[in-house]
Amino acid sequence: MRKITAALTFSIATLAIGFLVGACSDNSIPNGTANTGSTATPAANSTTTSSDKALKIGSLLPTTGDLASVGQQMLGSVPLLVDTVNACGGVNGEPVNLVQVDDQTDPRAGAAGMTKLATLDKVAGVVGSFASSVSSAAVSIATPNKVMLVSPGSTSPVFTEKAQKNDYKGFWARTAPPDTYQALALAQLARKKGFKRVSTVVINNDYGVGFEKAFVQTFEKLGGTIVNKDKPVRYDPKAQTFDTEAAAAFAGKPDAVLAVLYAETGSLFLKAAYQQGVTKGVQILLTDGVKSPTFPEQVGKDGDKFILTGAIGTVPGSDGKALEAFNKLWKDKKGGAPGEYAPQAWDAAALLTLAAQAAKENTGVGIASKIREVADGPGTEVTDVCEGLKLLKDGKKINYQGASGNVDVDANGDVVGVYDVWTVGDDGKIKVIDKVTPK
C-alpha cells in the first residue's frame, strides 16, 4: 500500500466534501444523534464537537447504491448506541459525537468518505463499511491514519489473510463472521438437502470471489461437485444486463446454483435467469447480500407467483445475550423490530466506546489497544453498555456480550457466529426456518 501524503489526503477529502455537499444538499438522514448540534445529509452527517477531548466516531454505511436495502436496515443502530452512551455520561467524562457518511456501496465513495472522516473530522473510530470492497478501500486509509475500523458486515476472507500479515496494524475488526464460516454453513446445508452438483455465480468483488472460493473448497471436501469450477461465472458489479451470465450459471444441469449477489444487480440476474427458463427444477441458494424484505419484490413475479418462491439462503444471525434488551430498546425508540445487521452495527459502535473507556483516552490508538480486551477479556461479563462503561471507569475489566453474539474478537479481528437459514414463501415474504452453526 502506498503511503498517502498529507497534501493528497487533504485534496481528496476536499473534493469529496464538495461533491457530497453539492449532490446531496437539502436532504436529511433520519434517526440523527441527539446532542450533536448537527445538520444531516444522506452523504455526511457532520457534528459539532463540544470538546477537543470528546470521543468522535463515524459511520460509513450504504444508504444508497447496490446494498442500500440492507444498509438502511442498520442505519439507526449507531445513533441509538451513541444516544444511549451519552444518556449515561458518555466516555471518559465527555459526550460521544457522531459523523455519518453514506458510502454509496462504492469503493471510491467509501475511500473519499473515510478520508474525510479521518483527516477532516478526525474521528477515532468508524463503524463500517458493509460491502467488503468498500471496507477494503476504507481500511487502507484508516490504518495509516490510526483510526479503528469495525465492520458490521464485511465478510470477505481476504481481511483475515491480510490481518495475519499485520497489514492493518490492529486497526481492523468486524462483528460479523467471515465467509469462510458462512460458506461452510451453506455447503453443509446444501449437502444435507441432497444436492450433489452445484454451480456458482458471484459478484466480481472481494465478497463474491472470496465466498465462492471458500464454498467450492468446502463443498468438494463434503463430496460434492462444482459443475462450473473451471469456468466460474463472475459478473461485473456495474453490469445492467445478465443474459449471458444467467445462461452460463445454469448450464450443465446442476441440482442447485449458489448465487452470491448484491440486491440491485442480483435482482436483475435472477429475473434474467427466470425469463430464460433455466431456473426450472434448480434450487437457488442465496446469501446475506440479498437478505432484505424487499428483495423478492425486486426480483418480481410471474402472474401471482413470486419468482423467488422456494429459494433458500443463509445470513449471519444474532443470538447474543444482549439481543432481547436491544430489540426492546429499538421497539421503544423506533417502533417495530431491527433489520438485518442492526445488532452487528450496535455491537461495533459499543466496542468502540468501551475500548476508548478502557484505554482512558478517546483516540484510535487507545481503542485499537483495548478493543480485543473488552470483547474477549477475563473480566466481568456485561450485556449493558452503560454498565460496562461504569465498571471500566472504576478500573474493572469487562467481557462484553453483544446483541449479535459474544463478539469474541480474535487476533485477526474476526468473530465466529451463528447463521439463520431463510427461505422465500409463496407470499414473497422472507422467513427464518432454521439456525446452523458451522462445524
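A quick note: this is a predicted structure, and the numbers were derived from the prediction, not measured.
With hydrogens and angles left out, the side-chain atoms of Asn412 and Thr160 include no donor and acceptor closer than 3.5 Å. A donor-acceptor contact closer than 3.5 angstrom links the side chains of Asp102 and Thr63.
For residues 113-187, the set of pairs meeting the disulfide bond (SG atoms under 2.5 Å apart) definition, not counting sequence neighbours, is empty. Applying the disulfide bond (SG atoms under 2.5 Å apart) test to pairs two or more places apart or on separate chains, none has a residue in residues 398-439. The salt bridge (Lys or Arg N to Asp or Glu O under 4.0 Å) pairs that include a residue from residues 337-356 are Lys291-Glu340, where partners are two or more places apart or lie in different chains.
The ring-ring contact (aromatic ring centres under 6.0 Å, His included) search around Phe171 returns none, not counting sequence neighbours. For Ala273, the side-chain contact (heavy atoms from CB on, under 4.5 Å) test picks out Ala246, Phe250, Val278, Thr279, with sequence neighbours left out. In this structure, the side-chain contact (heavy atoms from CB on, under 4.5 Å) partners of Arg191, at least two apart in sequence or on a different chain, are Lys196, Phe219, Leu222. Residues passing the side-chain contact (heavy atoms from CB on, under 4.5 Å) test with Lys193 are Leu189, Phe195, Ile312, sequence neighbours excluded. Under the side chain to side chain donor-acceptor pair (under 3.5 Å) criterion, Asn399 pairs with Gln401, sequence neighbours left out. The ring-ring contact (aromatic ring centres under 6.0 Å, His included) search around Phe130 returns Tyr341, not counting sequence neighbours. Under the side-chain contact (heavy atoms from CB on, under 4.5 Å) criterion, Gln217 pairs with Lys213, not counting sequence neighbours.
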I'd like a table of donor-acceptor pairs (distance under 3.5 Å, sequence neighbours excluded) in which one partner is a side-chain atom from residues 376-383, with atom names and distances.
residue	atom	partner	partner atom	Å
Glu381	OE1	Lys321	NZ	2.9

Just distance, no hydrogens or angles: give the donor-acceptor pairs under 3.5 Å from side chains in residues 175-185, sequence neighbours left out.
residue	atom	partner	partner atom	Å
Thr175	OG1	Gln344	O	2.8
Asp179	OD1	Thr155	OG1	2.9
Asp179	OD1	Gln182	NE2	3.1
Asp179	OD2	Thr155	OG1	2.7
Gln182	OE1	Thr314	OG1	2.9
Gln182	NE2	Asp288	OD1	3.0

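Two residues are said to be in side-chain contact when any heavy atoms from C-beta on lie closer than 4.5 Å; Asp83 and Lys333 fail this criterion.
Tyr207 and Phe211 have perpendicular rings, their planes meeting at more than 60° on a 0 to 90° scale where under 30° would count as parallel.
Using a 4.0 Å cut-off between a side-chain N of Lys or Arg and a carboxylate O of Asp or Glu, Lys238 and Asp106 qualify as a salt bridge.
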